[in-house]
Amino acid sequence: MATLEKLLHDRLASAFEAVAGQPADPTLRRSQHADFQADGALPLARQLGRKPRDIAADVVRAARLDDLCASVEISGPGFINLTVANEALAPLLAGMSRDERLGVQPAAVPDTVVVDYSAPNVAKEMHVGHLRSTVIGDAAVRLLDWLGHRVIRANHLGDWGTPFGMLIEHLLDIGESEAAHELSLGDLNTFYQAARAKFDADDTFKERARTRVVALQSGDEQTRRLWRLLVDESEKYFLAVYDRLDVCLTEKDFAGESFYNDMLVPVVEELDRLGLLRDSDGAKVVFPEGFTNREGDPLPIIVQKRDGGFGYGATDLAAIRYRTQELDATRLLYVVGLPQRQHLEMVYEAAKEAGWLKPPARAAHIGFGSVLGPDGKIFRTRAGDTIKLVVLIDEAVARAAALIEQKNPDLDESTRVEVARMVGIGAIKYADLSNDRTRDYVFDWKRMLSFDGNTAPYLQYARARILSIFRRGEVTPVRDLAAITVAEPAERALAIELLAFEGVVVEVAESLEFHRLANYLYGVSTAFTAFYEKCPVLRAEGQVRQSRLALSDLTARVLGRGLGLLGIGTPDRM
RNA sequence: GCGCUCGUAGCUCAGCGGAUAGAGCAGCUGCCUUCUAAGCAGUUGGUCGCAGGUUCGAAUCCUGCCGAGCGCGCCA
């Protein structure tokens, strides 16, 4: 579907080409001075040796814009200010309204995308760091899926490695039933810390743990059974958290580190065959091109440790090979914290050198910053005073419930519970997704649960008010109008905002910068509330009423869809 | 030491080379016999860390400095 911005861009592009004698970017964007502005004349001035205003004038003359624009003006040093004609908006809005997908086409060339996210550790509590990976990954899954890509969710569970010796020994100490009890309660910190404490304090326990790791790795049956118990109980717990958080992850999506165990030997062998494997201090390593350490020496990925055990680099390489070769993935997304950036880049580079990651397949690190406390310092994982994710969720929902009770006491009990869930969870997710993910963000109970300003509840509320109009007026949305006419400034502003939906969605599908979608939706909401104040819907008559109803309905759908892509629920009343 | 981020209003953040740098919160002023006031309208508040450079044009790109955070071989 041709969107407004695309139409304007194409018309201007051909005019610019005619004037410049070669393709030139109109550099079209939204403007405070008009609906849109095109700044392309300015960079051409030097090139063409002419005044930018004259170039702009020629472009305006050459451009066919009369069916789209009510006015086209040149201002300042040579900006072309475009005001879109109301008559041009009407059919575009009607087209969008008619379309189930709100004007967003499925991807022309669908990718097979593996989204690697969440990745909690067995027998360890999920905390705010997992929140980021889970929430961002979930949004990526929802968005890419909606755009018609084949999405594979990969929950890279931390279910292998040396800690399992100590965890299994601790499990034996307290007894299987007690262990299962603690784990099923989600009391993972207690379990893990008790094991850790013994490991640090007791040398014989430490020795038992070491022996147990060897038994686990050599496939000892009894040990494997105990390990499985730990993993199963933890998975059950994580699934309960996912359910509570309303994210797409299921039991089928667990593909933990252990999943790649059988591939590690073949991976090392293949690296060796390819001549990429080096011996360094007894360890088998790969030196990917372009990475050096503090002395300027090549920086290695440790594939196999001196003791014969495999490093996480081996698992990561095996995962890439599996994903591109077995799953036929063309796009690999790693929703992992920013500190691991260099490691991931090294792995990508090594995978390229091994031929496991070649175009069109590509890998990207969807990195995110740390979660900071109100004091501006990083939440310490090991200090023990991290906030458990479940506690956070419960608190958010409880606060939302209290607020709903206060604001809208008329809601019946079951509605209130459901709304509290959507509002509380939505607030948490939106607080995360509305910030640039590459930056740290301050985790602040008060702000996160404040329902004013740029928050999920504000957007949810805007949508709920729209549905309320339809309930009140006892009308059902009509979606097959030939045209949605707009006249008032508030209507126009809303209309132009709505028509930008496709562009934002397409851009975010590539950048995975969800705060752009969040900010867009916030803009839609503020545009709507302004419209809501100034333009009565039900009290309007005839075609104006029809158009306003349709515009309201379209807004509700954009908000519902947009928030849905972010994994945020939208209550019909609140 | 090397590398990667970041430094924008009192606070939390947008701004991916373009006009007088924008929001929300907090503060101040108004607005509920009219579709949910979890709202709206207005207002106060900024040498965009500092100094150079590139450019017709820099918060945005480059260099240096100051400050904060993170990463840099057998943990993941």
Side-chain angles (χ1 to χ4, degrees), chain A residues 27 29 31-33 37 39 42-43 45-46 51-52 75-79 81 119 121 156 158 160-163 257 280-285 291-297 299-307 309-313 315-316 336-343 345 367 369-370 372 376-378 400 403-404 406-408 410 423 431 434-436 438-442 444 446-447 450-455 457-458 460-462 464-473 507 511 513 515-516 518-519 522-523 526 529-530 532-540 548-549 552 573-574:
Chain A
T27 55
R29 61 190 180 93
S31 175
Q32 302 172 12
H33 305 277
Q37 68 182 68
D39 304 339
L42 285 89
R46 171 176 288 255
K51 288 180 182 161
S75 80
F79 303 116
N81 287 350
N121 294 311
H156 200 77
W160 203 251
T162 45
E257 292 162 347
S280 176
D281 297 336
K284 291 177 179 167
V285 304
F291 296 90
T292 52
N293 69 2
R294 65 190 81 184
E295 273 83 41
D297 299 328
L299 205 54
I301 298 173
I302 293 174
V303 180
Q304 196 165 12
K305 297 182 281 186
R306 213 176 335 180
D307 66 6
F310 295 97
Y312 55 90
T315 309
D316 287 336
V336 175
L338 241 19
Q340 292 193 53
R341 182 167 150 169
Q342 190 184 42
H343 164 70
E345 278 174 356
S370 307
L372 308 177
K377 290 184 179 171
I378 294 179
L403 226 91
I404 290 155
Q406 176 199 328
K407 299 283 183 188
N408 197 347
D410 298 338
V423 170
S434 60
N435 280 313
D436 181 344
T438 63
R439 297 182 48 167
D440 296 349
Y441 84 95
V442 174
D444 185 318
K446 193 159 169 275
R447 190 170 299 112
S450 155
F451 296 160
D452 295 315
N454 185 9
T455 63
Y458 177 86
Q460 291 168 322
Y461 180 61
R465 284 168 116 184
I466 296 169
L467 299 204
S468 173
I469 293 174
F470 287 94
R471 270 197 306 274
R472 265 304 183 91
E507 192 279 317
S511 71
E513 291 175 349
H515 73 290
R516 294 182 189 281
N519 285 342
Y522 180 58
T526 53
T529 48
Y532 184 87
E533 295 289 324
K534 293 190 182 102
C535 305
V537 177
L538 293 174
R539 281 188 287 118
R548 287 181 180 171
L549 280 169
S552 300
R573 63 181 80 213
M574 58 194 286

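Order of the sequence lines fixes the chain letters, A, B, ..., with proteins taken first and strands second; residue numbering starts at 1 for each chain.
Remark: the N81(A) side chain and the S75(A) side chain contain an N/O donor-acceptor pair separated by less than 3.5 Å. Under 3.5 Å, the side chains of Y458(A) and T529(A) contain a donor-acceptor pair of N or O atoms.
Contact of the I301(A) side chain with the V285(A) side chain is not registered, since no non-hydrogen atoms from C-beta on lie closer than 4.5 Å. The side-chain heavy atoms of I404(A) and M574(A), taken from C-beta on, include no pair separated by under 4.5 Å. Counting only heavy atoms from C-beta outward, the side chains of R29(A) and D39(A) approach each other to under 4.5 Å.
Across all strands, S280(A) comes closer than 4.0 Å to base atoms (heavy-atom distances). The residue V423(A) sits apart from the nucleic acid: no heavy atom pair falls under 4.0 Å. Residue A283(A) is classed as a base contact, given a heavy-atom separation below 4.0 Å to a base. L338(A) comes within 4.0 angstrom of nothing in the nucleic acid, heavy atoms only. The residue P536(A) sits close to a base: some heavy atom pair falls under 4.0 Å.
Rounded to an integer number of Å, the gap from Q340(A) CD to U5(B) P is 17 Å. Rounded to whole Å, atom C1' of C74(B) lies 8 Å from atom CG of D307(A). Distance, Q342(A) CD to C72(B) C1': 6 Å, rounded to whole Å. Rounded to a whole Å, the OH atom of Y532(A) is 5 Å from the P atom of A37(B). Look at CD1 on I301(A): it is 14 Å from P on C72(B), rounded to the nearest Å. Distance I302(A) CD1 to C72(B) P: 11 Å, rounded to the nearest Å. Atom CG of L403(A) and atom P of A37(B) are 16 Å apart (whole Å). Taking atom CZ on R465(A) and atom P on U34(B), their separation rounds to 14 Å, with Å as the unit.
Taking the nucleotide of RNA chain B with the nearest heavy atom to each of E533(A) and A464(A), the more 5' of the two is matched to A464(A). Of the two residues contacting RNA chain B, namely H343(A) and R472(A), the nearest-nucleotide position lying further toward the 5' end is that of R472(A).
No side-chain donor-acceptor contact under 3.5 Å links D281(A) to the backbone of A283(A). Here the side chain of R341(A) pairs no donor or acceptor atom with the backbone of G367(A) at under 3.5 angstrom. Between the side chain of S468(A) and the backbone N or O of A464(A), no donor-acceptor pair lies under 3.5 Å. Between the side chain of S31(A) and the backbone N or O of H33(A), at least one donor-acceptor pair lies under 3.5 Å.
Nucleotides A14(B) and C6(B) have their P atoms positioned 11 Å apart, rounded to a whole Å. Comparing G53(B) with U60(B), their P atoms sit 14 Å apart, to the nearest whole Å. Comparing the same atom, C1', in C50(B) and in G18(B) gives a spacing of 25 Å after rounding to whole Å. Taking atom C1' in both G49(B) and A68(B), the straight-line distance is 11 Å, to the nearest Å. C32(B) and A51(B) have their P atoms separated by 50 Å, given to the nearest Å. A59(B) and U8(B) have their P atoms separated by 15 Å, given to the nearest Å. A gap of 24 Å separates the P atoms of G39(B) and G15(B), to the nearest Å. As rounded to the nearest Å, C62(B) and C4(B) have P atoms that lie 11 Å from one another.
Here U55(B) is the nucleotide among U55(B), C4(B), G71(B) with the atom lying nearest to any side-chain atom of R46(A). Closest to the side chain of M574(A), from the set G71(B), G73(B), A38(B), is A38(B). Between A23(B), A41(B), C35(B), one nucleotide has an atom nearer to the side chain of Y522(A) than all others, and that is A23(B). Listed nucleotides G73(B), G71(B), A41(B) differ in distance to K534(A); the shortest reach to its side chain belongs to A41(B).
Under a cut-off of 6.0 angstrom, the local environment of CZ in R471(A) is crowded, with over 12 non-hydrogen atoms contributed by other residues, nucleotides or ligands.
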A correct 5'-to-3' footprint of nucleotides 13-19 of chain B, with B, S and - meaning base, sugar-phosphate only and no protein heavy atom under 4.0 Å, is SSSB-BB

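When the side-chain hydrogen bond (donor to acceptor under 3.5 Å, both in side chains) test is applied to E507(A), the partners found at least two apart in sequence or on another chain are S511(A).
An anti orientation is assigned to C28(B), its glycosidic angle lying beyond 90° of 0.
OP1 or OP2 of C40(B) has at least one side-chain nitrogen or oxygen of T529(A) nearer than 4.0 Å. Phosphate proximity of C40(B) to Y458(A): present, with a side-chain N or O under 4.0 Å from OP1 or OP2. Within the structure, a side-chain polar atom (N or O) of K305(A) is placed less than 4.0 Å from OP1 or OP2 of C75(B).
Scanning RNA chain B for stems, defined as runs of 3 or more consecutive Watson-Crick or G-U wobble pairs whose donor-acceptor distances all fall under 3.5 Å, gives the following ranges: B:1-7 with B:66-72, B:10-13 with B:22-25, B:27-31 with B:39-43, B:49-53 with B:61-65.
Looking at every heavy atom in both residues, V423(A) comes nearest to P457(A) through CG1-CG, 3.9 Å.
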